[in-house]
Number of protein chains: 2
Amino acid sequence: MGNKNISMAVIRRLPKYYRYLADLLSKDVQRISSKELSEIIGFTASQIRQDLNNFGGFGQQGYGYNVEALHKEIGKILGLDRKYRAILIGAGNLGQALTNYTGFRLAGFETIAVFDANPKMIGLKIRDFEIMDSDNVEEFVRENDVDIAIVCIPKNGAQLVADKLVRAGIKGIWNFAPIDLEVPSDIIVENVNLTESLFTLSYLMKENLEG
Amino acid sequence: MGNKNISMAVIRRLPKYYRYLADLLSKDVQRISSKELSEIIGFTASQIRQDLNNFGGFGQQGYGYNVEALHKEIGKILGLDRKYRAILIGAGNLGQALTNYTGFRLAGFETIAVFDANPKMIGLKIRDFEIMDSDNVEEFVRENDVDIAIVCIPKNGAQLVADKLVRAGIKGIWNFAPIDLEVPSDIIVENVNLTESLFTLSYLMKENLEG
DNA sequence: TAGATTGTTAATCGATTAACAATC
DNA sequence: TAGATTGTTAATCGATTAACAATC
């Protein structure tokens, strides 16, 4: 049962709800009204109620929301109760950082292999992973149950790797290459584009300095 | 002369225009119409014309846009012709990756110092930088001309560091800590929240699998 | 019960798209 | 000139906010 059309604007607010609810939970806050939450999270109370009601009536009139229950519900909505098997492609600086990134496991993602195209890297170890040859990634995805690929390679090779992954049956890509990958519409791509973020910062800095 | 109110939606599309125009330029394409650009970038032609006209009339009726000129103009709008002096705080995996990230210099950002709180890290070298003690960051910002700080530390210490930076007169923060920093409204904060990105991917994967 | 706060409908606002006169 | 395409105004669409009846 996929949900009726939830807009990306709503979806991208969900992790924020989850995070603020976890904070409240760690402070032993039992319940919270949309008004109180609005004050700490910075969305309007109205928006909070609208957002949550896309997924169900989690609150109670006159009471508000139970923090623990809501936190758990949003976790479920985000799919954090699931396990996804991931491979990482591109064991450069960023790739290594992500391999060691613990938030990854907390979200239910488990890295099962690491690949690189550089012969000097192949065979070296990152955490428990012996770096494998990128040439074998298609075969590996075919023969193992891989849900997502984390793509951390320069933009030149990225589309080619994406094509391989798609052929091998990958379901999602967490893409750090500064390029818009072209994939069939049933493959999920979530981009983290540091260049775009940096350019945005540059723009805002410039505007701010000029007044 | 700051621009009339440009929405964030428009601003976040600018880096994409810049990137696609660079691609066209590298393919020696001289001119392009909003319709042609729309086909490769995936925005509507109407939106492209609206977006660009926020900043000036860069096109010519009956002709379209000169690729090189437009690319250059957007670079200027993004402030890529400027120099910003940056420090990096938190020399862990991600911090090291960013220190070595070349796109950074291409955008006009120059790293001038690297800090870490871990005594075992202090004194070690990353690229040309001897890692300095985070305790000295406030003093350093005060005494040197620092425009932005790249914050790559765990969320616990992040607000405290941000407070120090603000006191010392920082103008912008590129924030990788998974927390919403509270800073005065004249300080620019650009967030890169890997956890939120990952949770979004998890949500979309789940929805996709469930149909 | 009275007070509080949700869930939900209606109103507003802003962003996107369509249309077309201006003009190269 | 005729054709193409912009710049810009108007129309549409979608997202946010306001309002309030339902109800705990």
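All chains are named by letter (A, B, ...) in the order of the sequence lines, taking the proteins before the strands, and each is independently numbered beginning at 1. Values reported hereafter were calculated over all heavy atoms of this structure, with side chains retained and with hydrogens, waters and symmetry mates removed. Keep in mind that what you see is a predicted model, and the values were worked out from it rather than measured.
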For [X], answer base if it contacts any base atom (sugar-phosphate contacts may also be present), sugar-phosphate if it contacts only those atoms, and nothing otherwise; contact means non-hydrogen atoms under 4.0 Å.
| X | value |
| --- | --- |
| A/Phe43 | nothing |
| B/Ser33 | sugar-phosphate |
| B/Arg31 | nothing |
| A/Thr44 | sugar-phosphate |

How many Å lie between [atom1] on [X] and [atom2] on [N], as a whole number?
| X | N | atom1 | atom2 | value |
| --- | --- | --- | --- | --- |
| A/Asn53 | D/dA22 | CG | C1' | 13 Å |
| A/Asp51 | C/dT6 | CG | P | 13 Å |
| A/Phe55 | C/dT8 | CZ | P | 14 Å |

side-chain contact (heavy atoms from CB on, under 4.5 Å) between B/Leu94 and B/Phe176, worked out: CA-CA 9 Å; B/Leu94 184 60; B/Phe176 288 79; 3.7 Å; yes

Between A/Met8 and A/Gly62, just flag the one whose closest nucleotide in DNA chain D comes earlier from the 5' side. A/Met8

Residue pair B/Tyr65/A/Tyr63 against DNA chain D: nearer the 5' end by closest nucleotide is B/Tyr65

Partner lookup for C/dT5, please. Criteria are Watson-Crick or G-U wobble with both distances under 3.5 angstrom; report none if nothing qualifies. D/dA22

Identity of whatever pairs with C/dA10 - Watson-Crick or G-U, under 3.5 angstrom: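 Across all strands, the one nucleotide that pairs with C/dA10 is D/dT17.
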
Is it true that [X] and [Y] make a salt bridge, defined as a side-chain N closer than 4.0 Å to a carboxylate O?
| X | Y | value |
| --- | --- | --- |
| B/Glu138 | B/Arg167 | yes |
| B/Arg13 | B/Asp51 | yes |
| A/Arg85 | A/Asp147 | no |

When you get a sec, tell me which of C/dC24, D/dA19, D/dT8 is the closest nucleotide to the side chain of B/Arg49?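 My answer, after comparing the listed nucleotides, is D/dT8.
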
Phosphate contact (C/dA18 OP1 or OP2) by B/Ser46 side-chain N/O below 4.0 Å: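 No, outside the criterion.
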
C/dT16 OP1/OP2 closer than 4.0 Å to side-chain N/O of B/Gln47: yes

Tell me whether the side-chain N or O atoms of A/Gln50 pair up with the base of C/dT6 as donor and acceptor below 3.5 Å, since no angle test is needed here.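 When only heavy-atom distances are counted, A/Gln50 does not reach the base of C/dT6 through any donor-acceptor pair under 3.5 Å.
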
Using ring centroids (six-membered ring only for Trp), state whether A/Phe109 and A/Phe104 fall under 6.0 Å. yes

On DNA chain C, more 5' by nearest nucleotide between A/Ile32 and B/Gln60 is A/Ile32

